[in-house]
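The next block holds one structure in the form of structure tokens; read it before the comments.
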Amino acid sequence: MEIGIDSFAAILPDPATGKLPSPTGRMAELIEEVEVADRVGLDVFGIGEHHRGEFLDSAPTVILAAAAARTSRIRLTSAVTVLSAADPVRVFQEFATLDLISKGRAEVVVGRGSFVEAYPLFGLDTRDYDDLFAEKLDLLLRLGETTNVTWEGRFRPPLQGQGVFPRPHQPQLPIWIGVGGTPQSFARAGTLGLPLMVAIIGGSFERFRPLVDLYREAGKLAGHGAETLKVGVHAMGFVGETEAVARDAFFPGWAHLTTNIGRERGWSPPTRQQFEAMAGPEGAFLIGDPKTVAAKMLRASETLGGVSRITFQMSTASLDTAAMKTSIELLGTEVAPIVRATRPA
């Protein structure tokens with residue numbers, strides 16, 4: 001099993017003073033976090049894409065390129081690229097360039113985005129939410145297969161055999177499909193035979209098993225072998241020396257972001273009791289001491305019928321930079337060896 005981290009480059013106010021840290025300082029800390037992840041042997045680091053004040057990740061490939069120059073082995077990916085609101089040609093060019101800089105360590109996870117700010121920002125209609133993604137994914141996959149593409153669609157000017165450069169260092173740029181809880185998205189990824197990255201940020205792992213089964217069944221019906229139908233999980237996670245330390249480091253930032261986003265979406269404010277339930281044995285948060293987190297990761301994989309990759313979303317703990325780096329170190333040096341001994345890659 002591959003183990004990694006996803007970051008949204010969250011920039012959170014100090015809970016005591018309400019003061020925001022320096023964006024420049026937060027970006028420097030983020031690059032250092034990728035360096036630590038590389039040093040302790042984690043497999044992958046992902047940067048999300050948002051277009052709102054709580055996050056600094058509106059240009060993820062720029063951050064990933066900076067990280068590529070400071071690392072040597074860790075794979076670098078998006079988490080996720082909002083393909084519906086982007087030009088697939090530019091997405092391909094940017095990640096192919098990242099692949100050259102990193103000497104073959106780039107990947108892209110594409111999705112429609114759980115936040116919709118990108119759509120009006122780039123002049124797109126959310127009523128075309130799914131059609132935009134389907135069409136642009138088709139073009140992105142075509143670009144990976146050939147340099148000179150002839151293609152026509154509704155939302156972008158046609159291509160008439162123009163060359164799209166540069167080409168990546170890898171023979172094929174890995175493309176994953178990022179999904180939430182929509183059955184059609186799971187089925188589409190299976191039909192296309194693409195690896196699946198499932199965002200499980202609440203509830204339980206069990207409730208996603210039918211959707212993962214749907215993905216695998218759709219892939220099988222489309223003629224894809226089981227070895228190509230990889231499943232990854234993006235989950236809230238954090239590791240501390242003790243369970244209490246991990247939970248106390250993660251909760252303040254999580255509560256702040258969840259309250260703000262919930263206010264926009266009509267949710268009630270989160271409580272510590274809800275958080276504790278999610279971090280408990282039946283919840284989907286991978287938060288605790290190393291042995292607890294490793295055991296929960298292995299149970300999650302078993303529950304979902306076998307998982308190829310788990311990435312930890314720990315941005316909400318960025319208020320405590322020392323705890324963040326400690327968490328990354330513990331994930332690489334204590335959690336990963338337990339998991340890999342049981343579920344080798």
Side-chain angles (χ1 to χ4, degrees), residues 6 8 46-61 77-95 108-144 149-160 164 175-203 207-208 210-212 214-215 218-219 222 234 257-268 313:
D6 290 333
F8 294 168
I47 301 293
E49 179 190 344
H50 300 83
H51 301 272
R52 49 189 295 138
E54 299 96 333
F55 307 111
L56 299 174
D57 60 352
S58 62
T61 48
T77 185
S78 56
V80 304
T81 294
V82 184
L83 184 62
S84 304
D87 182 345
V89 173
R90 292 298 288 161
V91 169
F92 182 85
Q93 291 175 322
E94 288 170 359
F95 279 89
V108 55
V109 181
V110 296
R112 297 177 298 181
S114 61
F115 293 88
V116 298
E117 288 84 2
Y119 292 81
L121 184 63
F122 297 109
L124 300 166
D125 193 330
T126 53
R127 290 177 294 185
D128 297 321
Y129 186 74
D130 192 62
D131 291 343
L132 280 162
F133 181 73
E135 178 178 298
K136 293 185 177 187
L137 177 60
D138 174 65
L139 177 53
L140 183 64
L141 294 175
R142 295 277 298 278
L143 293 168
V149 176
T150 299
W151 177 94
E152 186 170 351
R154 289 173 54 203
F155 302 107
R156 189 200 184 283
L159 292 173
Q160 299 173 336
V164 176
I175 298 173
W176 293 61
I177 301 292
V179 298
T182 307
Q184 294 89 337
S185 297
F186 285 79
R188 171 166 45 209
T191 300
L192 293 170
L194 295 174
L196 183 79
M197 179 57 68
V198 189
I200 304 178
I201 58 173
R207 73 184 182 93
F208 282 86
L211 294 169
V212 171
L214 175 63
Y215 160 72
H234 160 103
L257 278 178
T258 305
T259 297
N260 281 0
I261 294 167
R263 190 179 297 121
E264 297 173 8
R265 299 184 179 185
W267 304 341
S268 57
Q313 168 51 267

Tyr215 side chain to Pro210 backbone, donor-acceptor under 3.5 Å: no
Not counting sequence neighbours, which residues clear side chain to side chain donor-acceptor pair (under 3.5 Å) with Ser78? List them please. Thr81
Which residues satisfy the side chain to side chain donor-acceptor pair (under 3.5 Å) test with Asp57, sequence neighbours excluded? His50
Taking atom CZ of Phe133 and atom CG of Leu83, what is their separation to the nearest 0.5 Å? 5.5 Å
Does the plane of the ring in His234 sit parallel, tilted or perpendicular to the ring in Phe8? Use 30° and 60° as the thresholds. parallel
SB check Arg188 Asp130 (cutoff 4.0 Å): yes
Has Glu135 got a side-chain atom pairing as donor or acceptor with Arg154's backbone, closer than 3.5 angstrom? yes
Is there a donor in the side chain of Arg112 and an acceptor in the side chain of Ser185, or the other way round, less than 3.5 Å apart? yes
Mind checking what makes side chain to side chain donor-acceptor pair (under 3.5 Å) contact with Arg127, not counting sequence neighbours? Asp125
If only atom types and distance count, is the side chain of Lys136 paired as donor or acceptor with the main-chain N or O of Ser84 below 3.5 Å? yes
Determine, using ring centers only, whether His51 and Phe115 are less than 6.0 Å apart. no
Quick one: does Glu117's side chain have a donor or acceptor within less than 3.5 Å of a partner on Arg52's backbone? no
